[in-house]
Amino acid sequence: MRLQNRNPDAHHRSLFDGQEHDACGVGLICTLKDAPTHAIVQDGLQVLLRLSHRGACGCDARTGDGAGILVQLPDLFLREVALEEGIRLPESGAYAVGMIFLPKDRTRQQACQEAFERLVQVEGQQVLGWRRVPTRPDVLGVAAAAAEPAVWQVFVQTAPGLDVEAFERKLFIIKRRARHVIDDPDFYVVSLSARTLVYKGMLTPDQLGVYYPDLTDPRFASRLALVH
């Protein structure tokens, strides 16, 4: 059982980075015909539970070596929770969502957010706003709790005239630049896309859907769920 990261350049990363490289189990649930449903997400979480034997845990059994789920952008859910923050999203395909780990210290957190927004602006896109992702820290193990980041989502609107493919390329550039430009050990872009969204952390399979209440919200629908 190994919890140490093999990458010597990533020693400063949070435990929530998911930078582990052992052979973990992977599962996929998807539909090619039906509309997005919450059932797909629920089934994905069940598949993850079946993969518990492929993961490791720390000396306290509540700290896992990493679990996560990739889903199709849950448009209806995101529109409603964004509106609660005063953010009106444009049509599907014209906005992206970034899942971002940030430092808990508010001063550092704000500095990271402002630096990220400047990067987005330099690339000709627009940040519509931020949403603090609800979490359940009480389910974490000791090691995971000690390294827990603040989890935020950022909403980015595409520049006029960009199609989805061109927008995705811009988002890829923003993500890569952010990794090198924003110099804070607790800053990490989990995902940034107009198509998919990733929830992950140093969790055990049974903790993922509890730690992130979004994943058990009936409005949270997808056509696919890729879990590890």
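Because only heavy atoms are used, hydrogens play no part in the values below, and waters and symmetry mates are left out as well, while side chains stay in.
- Applying the 6.0 Å contact sphere to CD of Q121 captures no more than 12 heavy atoms from other residues, nucleotides or ligands.
- H228 places no side-chain N or O within donor-acceptor distance of the main-chain N or O of G27, the cut-off being under 3.5 Å.
- Under the salt bridge (charged side-chain N to carboxylate O under 4.0 Å, His left out) criterion, R136 pairs with D138, not counting sequence neighbours.
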Check your understanding: Does the pair I100 and Y188 meet the rule for a side-chain contact (heavy atoms from CB on, under 4.5 Å), with working shown?
Key -> CA-CA 6 Å; I100 313 283; Y188 178 66; over 6 Å; no
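- Checked for salt-bridge contact, D214 and R131 meet the test: a charged N lies under 4.0 Å from a carboxylate O.
- Residue pairs meeting the salt bridge (Lys or Arg N to Asp or Glu O under 4.0 Å) criterion with at least one partner in residues 110-121, sequence neighbours excluded, are absent.
- V133 is not listed as a side-chain neighbour of F101, based on a closest heavy-atom distance of 4.5 Å or more.
- The side-chain heavy atoms of I174 and F172, taken from C-beta on, include no pair separated by under 4.5 Å.
- Looking at S193 and E168, their side chains do bring a donor and an acceptor atom within 3.5 Å of each other.
- For the pair L208 and I69, the minimum side-chain heavy-atom distance is below 4.5 Å.
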Exercise for review: Could you go through the salt bridge (Lys or Arg N to Asp or Glu O under 4.0 Å) check for E165 and R195 one step at a time?
Suggested key: CA-CA 10 Å; E165 294 295 338; R195 291 172 169 160; 2.5 Å; yes
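- Residue pairs meeting the salt bridge (Lys or Arg N to Asp or Glu O under 4.0 Å) criterion with at least one member in residues 27-45, sequence neighbours excluded, do not occur.
- Taking the side chain as every heavy atom from C-beta outward, L78 and L89 approach each other to under 4.5 Å.
- For the pair T196/Q72, no side-chain contact is recorded, criterion being any heavy-atom separation below 4.5 Å from C-beta on.
- L224 is listed as a side-chain neighbour of L70, based on a closest heavy-atom distance under 4.5 Å.
- Here the closest non-hydrogen pair linking H38 and P218 is CB-O, 3.5 Å.
- Across all their heavy atoms, Q207 and L140 have their closest contact at NE2-CA, 4.4 Å.
- P213 approaches P134 most closely through the heavy-atom pair CD-O, 3.3 Å.
- Applying the salt bridge (Lys or Arg N to Asp or Glu O under 4.0 Å) rule to pairs touching residues 83-95 yields nothing, sequence neighbours excluded.
- Ring geometry for W130 against W152 counts as perpendicular: the plane angle is over 60°, on a 0 to 90° scale with 30° as the lower cut.
- The closest side-chain heavy-atom distance from K104 to E148 is below 4.5 Å.
- Of the options L119, L171, I173, L162, a side-chain contact (heavy atoms from CB on, under 4.5 Å) to Q125 is made by L162 and by none of the others.
- By the 4.5 Å heavy-atom criterion applied to side chains, D186 and Q109 are not counted as neighbours.
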Practice item. List the steps and the verdict of side-chain contact (heavy atoms from CB on, under 4.5 Å) for L45 and V227. Key: CA-CA 7 Å; L45 293 174; V227 298; 5.6 Å; no
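- Annotation: the span from R223 atom CZ to I29 atom CD1 amounts to 16.0 Å, rounded to 0.5 Å.
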Exercise for review: Check step by step if side-chain contact (heavy atoms from CB on, under 4.5 Å) holds for V156 and Y95.
Suggested key: CA-CA 5 Å; V156 179; Y95 75 93; over 6 Å; no
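- Across every non-hydrogen atom of G209 and T216, the tightest pair is O-CG2, 3.5 Å.
- How far CG of L192 is from CD of Q153: 11.5 Å, rounded to the nearest 0.5 Å.
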Exercise for review: Dump the intermediate steps for side-chain contact (heavy atoms from CB on, under 4.5 Å) on M99 and L197, then the final yes or no.
Suggested key: CA-CA 7 Å; M99 182 72 92; L197 185 59; 4.2 Å; yes
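- Between P103 and C112, the shortest heavy-atom contact is CD-SG, 4.0 Å.
- Heavy-atom contacts from other residues, nucleotides or ligands closer than 6.0 Å to CG of D183 number 12 or fewer.
- Applying the ring-ring contact (aromatic ring centres under 6.0 Å, His included) criterion to Y199, with sequence neighbours excluded, gives Y212, F220.
- The backbone N or O of V198 lies less than 3.5 Å from a partner atom in the side chain of S191, making a donor-acceptor pair.
- Checked options K170, R176, R169; the residue passing with E123 is K170 (criterion: salt bridge (charged side-chain N to carboxylate O under 4.0 Å, His left out)).
- Evaluation of the salt bridge (Lys or Arg N to Asp or Glu O under 4.0 Å) test over residues 67-78, restricted to residues two or more places apart or in two chains, returns D75-R79.
- The two residues G93 and A194 make their nearest non-hydrogen contact at O-CB, 4.5 Å.
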